[in-house]
Amino acid sequence: KYFHYLQSKNLTNHQYINIIKKKIRMKNFIRAIIDTDFVLETEKNNIIKLLSQKRQIKQATLKIQPIIAQQKVHNLEIINYFNQHKHQFYIPEKFKVQFLQLNLKNIKSKCTKKEIKEWYEKHVIKYFTQEERKYSFIQTKTKKEALLIISQLSKHKNFSKIAKEQSIDPISSKNGGNIGWIKINEMPSEIKRAHLNKKGQISQIIPFHNNFLIIKLNDIKPKTQKKISQVFNVIKKEIQIKKSLFLYHKLQKKISYYIKKYPNQFDKILKNIHMSAKETDWFDKYSIPQELNIFILKKIIFNKAWLNKQKKIKPYSEFVILNSHQSFLLNLKDFQRKKIQKIKNVKNNIIKILKHLKAIKIAKQKLKNAFYQLKKGNINGFKKLHLKFRNSEVISRYDNHPMKYIVFSLPRTKDHKKRYTVYQDKNKNFHIIYLKKIYHDQFSLQEKHIISKYLERNNTEIILHAFLTNLQNTANIIYKTIKTE
């Protein structure tokens with residue numbers, strides 16, 4: 001999955017690691033100065049004031065559908081539109097493919113109890129529990145403290161008691177230094193360095209970051225052989241996977257042999273391997289079947305290697321071996337060229353388009369006139385369109401409202417004039433928006449503090465990014481030769 005992801009991003013492993021390193025360095029650099037206040041107090045107050053702002057609006061809607069229903073379209077308009085927009089009415093190239101998919105997951109194998117028993121006896125060394133060891137430790141701040149404890153232990157003082165009283169580790173000290181059982185292959189490097197191999201053995205002083213450890217080996221659980229009943233299902237799965245892999249690779253080799261022997265003779269290959277293929281319906285680049293929606297397969301299907309010099313289809317088969325134990329035998333069954341549709345087949349679609357375009361044009365002209373009069377204080381044009389402002393609604397900057405950005409782009413009304421704007425929604429309906437009132441909510445001190453911290457962090461990141469980008473673009477590296485005597 002990792003290498004598939006790199007391939008999709010067109011990156012090598014080395015390039016991806018360098019990108020991650022760069023991001024980590026940038027984050028660490030930002031954290032180092034994140035508490036520095038780059039935002040002026042007046043800036044903070046102004047932004048907080050903007051964030052606390054709410055706007056009360058009224059809106060009226062001119063629906064486009066009734067205007068569309070009133071439009072008429074003539075044959076000449078349909079023909080002209082078709083001729084001017086032929087690129088919209090092409091049927092794309094279409095393909096029909098036969099394929100045989102080999103997938104390890106689909107190859108099921110069985111195994112007997114006899115096979116499981118034989119496997120167990122042959123690989124018995126694999127089925128042992130790991131050796132485990134039980135340790136305790138005492139952690140000190142200084143080497144001097146550790147030396148004093150070593151001296152106490154040499155006089156047969158109780159390790160557990162000293163750990164409880166003197167170890168600075170808050171967790172293990174409560175249990176007399178006991179850290180429980182550890183598997184031999186999961187041993188931390190500090191314990192490995194202690195080289196303890198006998199019960200009751202105590203280490204010398206082991207450096208541990210800026211502290212020191214004294215480790216004791218309390219007990220050893222030797223590795224033991226697992227019974228066949230304990231590993232029965234594990235062995236069964238191992239045998240099944242081995243058998244399935246054998247069958248998968250055998251089939252792979254068989255297909256590879258026959259595709260060389262009978263190139264581009266798909267049916268003959270299938271006959272010799274005693275298997276059947278699937279056949280797709282017609283598809284184009286945008287509707288490829290899910291099984292074939294793999295980059296390398298799409299490249300083979302759409303590269304047109306199966307067209308001869310006269311651009312006619314020729315027999316073409318290919319065997320593709322992918323990672324993750326998956327292979328495909330492909331055969332191009334049929335192909336349809338890109339072709340323009342007949343006007344009679346797209347007539348209804350063109351009528352819809354033209355009606356919609358006409359309706360939009362008429363609606364815009366009507367709204368332009370009504371809007372102009374509305375700004376002058378005349379509502380007659382507004383009434384003629386049977387428009388009426390609905391009840392007021394309040395919008396804040398935090399709302400997930402489709403008209404939020406339009407509403408907050410309206411300027412403040414210093415001259416007490418009414419402010420209007422027009423917005424077209426995703427359904428192409430037009431909304432006239434009237435800005436009735438602007439007011440502010442009061443944030444609590446805690447909310448203001450949170451906003452301030454966010455602003456400082458955000459501003460720091462912007463400045464640092466700009467600084468580093470500028471440095472990257474303008475910095476020069478100067479090499480100086482150092483002469484040695």
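Just so it is clear, the structure is predicted and the values come from calculations on it, not from any experiment.
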* To do: Check step by step if side-chain contact (heavy atoms from CB on, under 4.5 Å) holds for Asp425 and Phe430.
  => CA-CA 7 Å; Asp425 65 24; Phe430 291 91; over 6 Å; no

* Asked: What do the steps show when you test Ile68 against Gln65 for side-chain contact (heavy atoms from CB on, under 4.5 Å), and what is the final call?
  -> CA-CA 5 Å; Ile68 290 172; Gln65 207 56 46; 4.0 Å; yes

* **Check against side-chain contact (heavy atoms from CB on, under 4.5 Å), Ile432 and Phe389** => CA-CA 8 Å; Ile432 296 177; Phe389 283 116; 4.1 Å; yes

* Asked: Does the pair Asn272 and His274 meet the rule for a side-chain contact (heavy atoms from CB on, under 4.5 Å), with working shown?
  -> CA-CA 5 Å; Asn272 277 277; His274 308 292; over 6 Å; no

* For Asp281 and Lys96, what are the C-alpha separation, side-chain angles and deciding distance, and is it a salt bridge (Lys or Arg N to Asp or Glu O under 4.0 Å)? -> CA-CA 6 Å; Asp281 292 326; Lys96 196 177 269 191; over 6 Å; no

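Heavy-atom contacts from other residues, nucleotides or ligands closer than 6.0 Å to OH of Tyr372 number 12 or fewer. More than 12 heavy atoms of other residues, nucleotides or ligands shown are found within 6.0 angstrom of CG on Asp441. Dense packing is recorded around NZ of Lys243, with more than 12 heavy atoms of other residues, nucleotides or ligands lying under 6.0 Å away. Shown here is His386, whose NE2 atom has no more than 12 heavy atoms of other residues, nucleotides or ligands within 6.0 Å. The environment of CD1 in Ile296 is sparse: at most 12 heavy-atom neighbours from other residues, nucleotides or ligands sit within 6.0 Å.
By the 4.5 Å heavy-atom criterion applied to side chains, Ile107 and Asn103 are not counted as neighbours. Phe246 has its side chain out of reach of Ile241: every pair of non-hydrogen atoms, C-beta onward, lies at least 4.5 Å apart. With contacts defined as side-chain heavy-atom distances shorter than 4.5 Å, the pair Ile57/Tyr434 does not qualify. Residues Phe266 and Lys268 fail the side-chain proximity criterion, which asks for heavy atoms closer than 4.5 Å. At a threshold of 4.5 Å between non-hydrogen side-chain atoms, the residues Gln424 and Asn429 do not count as touching. Contact annotation: the side chain of Asn211 never approaches that of Thr140 to less than 4.5 Å [non-hydrogen atoms, C-beta and beyond]. In this structure the side chain of Asp334 reaches within 4.5 angstrom of the side chain of Trp282, judged on heavy atoms. Counting heavy atoms from C-beta outward, Gln101 and Gln326 have side chains that approach closer than 4.5 Å.
When only modelled atom types and interatomic distance are considered, Gln59 and Glu393 share a side-chain donor-acceptor pair under 3.5 Å. With hydrogens and angles left out, the side-chain atoms of Arg55 and Ser396 include no donor and acceptor closer than 3.5 Å. Between the side chains of Asn391 and Lys58, no donor N or O sits under 3.5 Å from an acceptor N or O. In this structure, a donor-acceptor pair under 3.5 Å is absent between the side chains of Tyr262 and Ser317. Side chains of Ser327 and Gln252: a donor-acceptor N/O pair is present below 3.5 angstrom, by distance only.
Using a distance-only test at 3.5 Å, with no hydrogens or angles considered, a donor-acceptor pair links the side chain of Asn178 to the main chain of Gly180. At least one donor-acceptor pair under 3.5 Å links the side chain of Lys108 to the backbone N or O of Lys105. Side chain of Asn106 to backbone of Leu102: no donor-acceptor contact under 3.5 angstrom is found. Although no hydrogens or angles enter the test, the distance criterion places no donor-acceptor pair under 3.5 Å between the side chain of Lys418 and the main chain of Leu435. With hydrogens and angles disregarded, a donor-acceptor distance shorter than 3.5 Å links the side chain of Ser287 to the backbone of Asp284.
Summarising the geometry of Tyr420 relative to Phe371, their closest heavy-atom pair is CB-CE1, 3.3 Å, with the distance given to 0.1 Å. Nearest heavy atoms, Arg419 versus Pro411: CG-O, 3.9 Å. Taking all atoms of both residues into account, the shortest heavy-atom contact from Leu374 to Ile379 is CD1-CG2, 3.8 Å. The minimum heavy-atom distance linking Leu292 with Lys298 is given by the pair O-CG, 3.8 Å. Pairing each heavy atom of Val394 with each of Asp399, the nearest pair is O-OD2, 3.8 Å. Nearest approach of Asn210 to Phe212, heavy atoms of both residues: O-CE1, 4.3 Å.
Note that Lys437 lies in the cation-pi zone of Tyr439, set by a 6.0 Å cut-off to the ring centre and a 45° limit from the axis.
Between His249 and His325, the ring planes lie perpendicular to each other; the angle is over 60°, past the 30° to 60° tilted range. Using cut-offs of 30° and 60° on the angle between ring planes, the pair Phe302 and Phe283 is perpendicular. Relative orientation of the Phe89 and Tyr81 rings is perpendicular, given thresholds of 30° and 60° on the angle between their planes.
Considering CD of Gln373 and CG of Asn378, their distance stands at 4.5 Å, rounded to 0.5 Å. Once rounded to the nearest 0.5 Å, the distance linking CD1 of Ile67 with NZ of Lys428 reads 14.5 Å. Note that NZ of Lys364 and CG of Leu62 are 12.5 Å apart. Values are rounded to the nearest 0.5 Å. Atoms CD1 and NZ, on Ile395 and Lys404 in that order, are 9.5 Å from each other to the nearest 0.5 Å. Here the CD atom belonging to Gln88 is positioned 10.5 Å from the CD1 atom belonging to Ile340, to the nearest 0.5 angstrom. Note that CG of Asp267 is 10.0 Å distant from NZ of Lys271, once rounded to the nearest 0.5 Å.
Under the rule for a side chain to side chain donor-acceptor pair (under 3.5 Å), the partners of Ser172 that lie at least two apart in sequence or sit in another chain are Asp169. Every residue meeting the salt bridge (Lys or Arg N to Asp or Glu O under 4.0 Å) condition with Glu77, not counting sequence neighbours, appears here in chain and number order: Lys358. In terms of the side chain to side chain contact (heavy atoms under 4.5 Å, CB included) criterion, residue partners of Lys338 (sequence neighbours excluded) are, by chain and number, Tyr90, Glu93. For Ser244, the side chain to side chain donor-acceptor pair (under 3.5 Å) criterion is met by Ser109, not counting sequence neighbours. Listed by chain and residue number, Leu100, Lys254, Ile255, Tyr258, Leu270, Met275 satisfy the side chain to side chain contact (heavy atoms under 4.5 Å, CB included) test with Ile273 (two or more places apart in sequence, or in another chain). Partners of Glu291 under the salt bridge (Lys or Arg N to Asp or Glu O under 4.0 Å) rule, at least two apart in sequence or in another chain, are Lys278.
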